[in-house]
Amino acid sequence: MSLSKIKHIVLVLSGKGGVGKSSVTTQLALSLSLAGHSVGVLDVDLTGPSIPRMFAIEDAKVTQAPGGWLPITVHEADPTSGLGSLRVMSLGFLLPGRGDAVVWRGPKKTAMVRQFLSDVFWEELDYLLIDTPPGTSDEHISLAETLLQKARPDQVAGAVIVTTPQAVATADVRKELNFCTKTGIRILGVVENMCGFVCPNCSECTNIFGSGGGEVMADDFNVKFLGRVPIDQQFIVLVETGKRPRYPEGTVINGQDISAATKEAEAEEAKRDTAQLVLKYKDCSLAPIFKTITADVVSAVEQRGA
């Protein structure tokens with residue numbers, strides 16, 4: 001069975017569109033890999049599959065094996081540096097072009113979700129992250145039902161819920177929390193995304209969408225608040241162009257200066273822009289934030305299994 005070699009399955013959910021589920025899924029995957037875990041990402045956002053673009057592998061082609069598909073490799077494991085492998089699967093790999101629309105009714109979406117969960121041949125994985133579409137409709141119901149049928153009871157570790165700070169977002173995301181309660185999916189925690197904007201010139205962080213809505217929501221539902229994630233233009237540049245993040249002199253994150261202090265250092269960094277995405281991500285201001293979030297998620301998963 002497709003899921004038989006997977007230790008833990010983590011869903012990334014939100015009842016609201018545009019809150020950055022794919023961004024959070026991508027950074028969780030990179031952070032888990034940097035922590036030495038073997039990771040898979042399954043993109044079941046059928047009408048807006050953005051995971052191929054997030055990992056800069058849009059031109060990759062899925063290999064058809066007898067009875068199913070082989071996922072795309074982002075990078076292999078490197079035991080010498082403690083790096084875990086990372087593989088992804090998305091409907092985006094099966095479409096002719098980035099702009100092609102998927103115009104499907106509910107039954108076909110349901111069938112596709114079930115096929116993704118049964119016909120992708122994952123190798124041994126510590127974590128499979130499932131990036132989901134917004135809402136609580138066909139894909140979510142099919143996902144929950146299929147996991148209940150095909151996954152072992154201990155495999156589905158739970159869900160990470162993503163929101164933005166505004167009340168209009170948290171009002172919709174609360175519905176997703178209720179969905180998890182009704183379907184028996186454990187909530188690992190809440191991430192408040194887009195909480196602030198990191199200025200590319202002075203590194204000051206401004207709360208353009210407010211702050212605190214996600215934490216209040218987590219308290220209301222008595223679930224763990226995993227942390228706040230600001231908007232960082234350098235992460236967007238990394239995803240879109242592959243350029244390593246660089247910050248103005250004096251930029252300090254978690255007590256560490258992450259700026260390029262000298263021209264010599266900048267020149268050396270430019271030479272390293274050919275490195276793997278996961279290694280360039282280490283220089284992003286969001287990397288230490290997600291390192292903490294990922295550690296909390298792993299701790300919650302392991303406590304459940306203890």
For the pair [X] (side chain) and [Y] (backbone), establish whether a donor and an acceptor sit closer than 3.5 Å, ignoring hydrogens and angles.
X	Y	value
Q234	R246	yes
E139	V44	no
S31	L28	no
Q166	T170	no
S38	D126	yes
N193	V162	no
T163	G214	no
T132	V12	yes
S299	A295	no

Task: Non-hydrogen side-chain atoms of L86 and L32 separated by less than 4.5 Å - done: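 Result no, sub-4.5 Å side-chain heavy-atom pair not found.
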Open item on the list: Do Q27 and I293 make a side-chain contact, defined as non-hydrogen atoms from C-beta onward lying under 4.5 Å apart?
Closed with: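 Heavy-atom side-chain distance check fails, nothing below 4.5 Å.
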Any carboxylate oxygen within less than 4.0 angstrom of a Lys/Arg side-chain nitrogen, looking at [X] and [Y]?
X	Y	answer
K16	E176	no
D45	K21	no
E240	R53	yes

Task: Hydrophobic cluster of F121, others only, ordered by chain and residue number, side-chain cut-off 4.5 Å - done: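 Its cluster mates, by chain and number, are L70.
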Open item on the list: Can you classify the ring geometry of H8 versus Y127 as parallel (below 30°), tilted (30 to 60°) or perpendicular (above 60°)?
Closed with: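 Tilted.
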TODO: Using side chain to side chain donor-acceptor pair (under 3.5 Å) as the criterion, list what pairs up with S90, not counting sequence neighbours.
DONE: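 Partners of S90 under the side chain to side chain donor-acceptor pair (under 3.5 Å) test: D43.
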Return a table of donor-acceptor pairs under 3.5 angstrom between the side chains of residues 221-229 and protein atoms on other chains or two or more places apart.
unit_1: R228; atom_1: NE; unit_2: E192; atom_2: OE2; d: 3.4
unit_1: R228; atom_1: NE; unit_2: S211; atom_2: OG; d: 3.3
unit_1: R228; atom_1: NH2; unit_2: E215; atom_2: OE1; d: 2.5

Task: Over all atoms of both residues, closest heavy-atom pair of A159 and C180 - done: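 Reported closest heavy-atom pair: CB-SG, 4.3 Å.
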With sequence neighbours excluded, what pairs up with [X] under the ring pair (Phe, Tyr, Trp, His ring centres under 6.0 Å) test?
X	value
F116	W69
W122	none
H75	none

Open item on the list: More than 12 heavy atoms of other residues, nucleotides or ligands under 6.0 Å from CD of Q115: yes or no?
Closed with: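 Yes - once you tally the heavy atoms of other residues, nucleotides and ligands closer than 6.0 Å, there are more than 12.
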